[in-house]
Amino acid sequence: MQPIDCGRHNRFLRALRREPVDTTPVWVMRQAGRYLPEYRATRQRAGSFMNLCRTPELACEVTMQPLERFELDAAILFSDILTIPDAMGLGLDFVEGEGPRFAKSVRTPEDIDALGIPDPEDDLGYVPAAVKLIRRELGGKVPLIGFAGSPWTLACYMAEGGPTERFSHIKKLMWDEPGALHRLIDKLTEAVKRYLEAQIRAGAQAVMIFDSWGGVLAPADYHEFSMKNLRALAQGIDRGPENVPVIVFSRGANEHLGALADIGADALGLDWTVSLGEARRRTGGKVALQGNLDPAALYASPASLRREVDLVIREYGRGPGHVFNLGHGITPDVNPDQMSVLVDAVHAFGRGATELA
Ligand code: 1CP
């Protein structure tokens, strides 16, 4: 038998395609971020979060930082999902300690109809430029993930003008002006499609769509305003000659996993409120699964953290198709040493678990 060509350079892409791997691949949402002192130093040097995103050399530098410390199996482009609404003219600013804020919000049919679709090579040219630079810097060591927000999630931020707990403006729009909200979401779908295609052309080897707010919708609204457009993207994106895999992370939408398995995504990201075993049953082996350790496990002792990593891997069970990740982003006050504990534990416990059952 031919030994399979597998290792850090390709185990992530193989797992997304549900091919056998030597051990479970791992990367972590927000792996380049505030828990790393070197990230905080670069951000300070950049002057603002948006300068960091808009300067390809700096975006490349922070993308590489976690890979220099940990044996991660993938890099993720350093950017933000809110670059698209910014390029649509909303004026994005990140206020220290408060998160993103738009100068303008989008709340009426007139606001929606005035929006154009940004050209990713022109209005967002700093993003494909960063992708090219990062690919060169990575030199094939690990694959690079590109990403975008889902149309529904972007619409939430655009209507609310920033982070929210109530979703009052976007839901008012949904109930009072459903036709206008559909027009907004369709425009965003086209914008996200072009943006991800530009990242793929620039060299992104997998793309992830963050539907961070899918879970705030009632089931019928979820199908109409979130999942329909996730399907349009999963099926409509030109994935290029390498047939780049698409990962969809619809947070809080575990109830819809069975339906999500059929939208045409290669993999689904999962939060920690569903077990991987149950998720595997609901998705019937049609997709790979990415997740799903509770990010708060990084505050536990190394021994407890290792045990929780082992439990997630056992919960997935034997067979290929698992990419280890947290169920949401790593939090800023985590001790970076805990990331080494996590990554090493995944590689140790994942060995042998991921061959064909
Ligand atoms: O001041 C700082 O340095 C800000 C912290 C930060 C970072 C590190 C923000 C602000 N964005 C990012 C980078 C980022 N955002 C990445 C980079 C790659 C990596 O993972 O290492 C990615 C993939 C995102 C995606 C993103 N941005 C999402 C989807 C994932 C999720 O968290 O659900 C969302 C919702 C955003 C919006 C956003 N950007 C930043 C914050 C604090 C937020 C959340 C705002 C809120 O509370 O609603």
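All values reported here derive from a predicted model rather than from experimental measurement. Counting starts at 1 for both ligands and their atoms, following the listed order.
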Task: Same apolar cluster: Leu138 and Leu133, side chain cutoff 4.5 Å - done: no
Open item on the list: For Arg34, give me all partners under salt bridge (Lys or Arg N to Asp or Glu O under 4.0 Å), at least two apart in sequence or on another chain.
Closed with: none
Open item on the list: Can you list everything that forms a salt bridge (Lys or Arg N to Asp or Glu O under 4.0 Å) with Glu224? Sequence neighbours excluded, please.
Closed with: none
May I ask you to identify the nearest protein heavy atom to [atom], giving residue, atom name and distance to one decimal place in Å?
| atom | answer |
| --- | --- |
| atom 5 (C) of ligand 1 | Arg34 NE, 3.6 Å |
| atom 6 (C) of ligand 1 | Phe49 CE1, 3.7 Å |
| atom 46 (C) of ligand 1 | Tyr157 OH, 3.3 Å |
| atom 10 (C) of ligand 1 | Phe94 CE2, 3.2 Å |
| atom 29 (C) of ligand 1 | Ser212 OG, 3.3 Å |
| atom 20 (O) of ligand 1 | Arg30 N, 2.7 Å |
| atom 14 (C) of ligand 1 | Ser79 O, 3.2 Å |
| atom 47 (O) of ligand 1 | Pro163 CB, 3.8 Å |

Open item on the list: I'd like to know whether Gln65 forms a side chain to side chain contact (heavy atoms under 4.5 Å, CB included) with Thr42, so could you lay out the CA-CA distance, the side-chain angles of the two residues, the decisive distance to 0.1 Å, and finally the verdict.
Closed with: CA-CA 10 Å; Gln65 286 170 348; Thr42 312; 3.0 Å; yes
Between ligand 1 and [X], can you find any atom pair, the residue atom being a heavy atom, that is separated by under 4.0 Å?
| X | value |
| --- | --- |
| His328 | yes |
| Phe249 | no |
| Pro100 | yes |

Task: Heavy-atom closest pair, residues Thr153 and Ser212 - done: OG1-N, 3.1 Å
Can you find an N/O atom of [X] closer than 3.5 Å to an N/O atom of ligand 1?
| X | value |
| --- | --- |
| Ile76 | no |
| Thr164 | no |
| Asp80 | yes |
| Trp27 | no |
| Trp213 | no |

Could you list which atoms of ligand 1 come closer than 4.0 Å to a heavy atom of [X]?
| X | result |
| --- | --- |
| Tyr39 | 2 (C), 3 (O), 8 (C) |
| Leu77 | 17 (C), 18 (C) |
| Ala32 | 8 (C), 21 (O) |

Counting only heavy atoms from other residues, nucleotides and ligands, does the tally under 6.0 Å from [atom1] of [X] exceed 12?
| X | atom1 | answer |
| --- | --- | --- |
| Glu242 | CD | no |
| Arg40 | CZ | yes |
| Glu68 | CD | yes |

Task: Test item: side-chain donor near acceptor, Asn254 and Thr273, under 3.5 Å - done: yes
- [ ] For Tyr222 and Trp152, test the side chains for any donor-to-acceptor distance below 3.5 angstrom and give the result as yes or no.
- [x] no
Task: ligand 1-proximal atoms of Arg43, by part, heavy-atom distance under 4.0 Å - done: side chain
Open item on the list: Any carboxylate oxygen within less than 4.0 angstrom of a Lys/Arg side-chain nitrogen, looking at Arg69 and Glu38?
Closed with: yes
TODO: Sort out for me which residue in Thr83, Ile84, Asp86 forms a side-chain contact (heavy atoms from CB on, under 4.5 Å) with Leu92.
DONE: Asp86
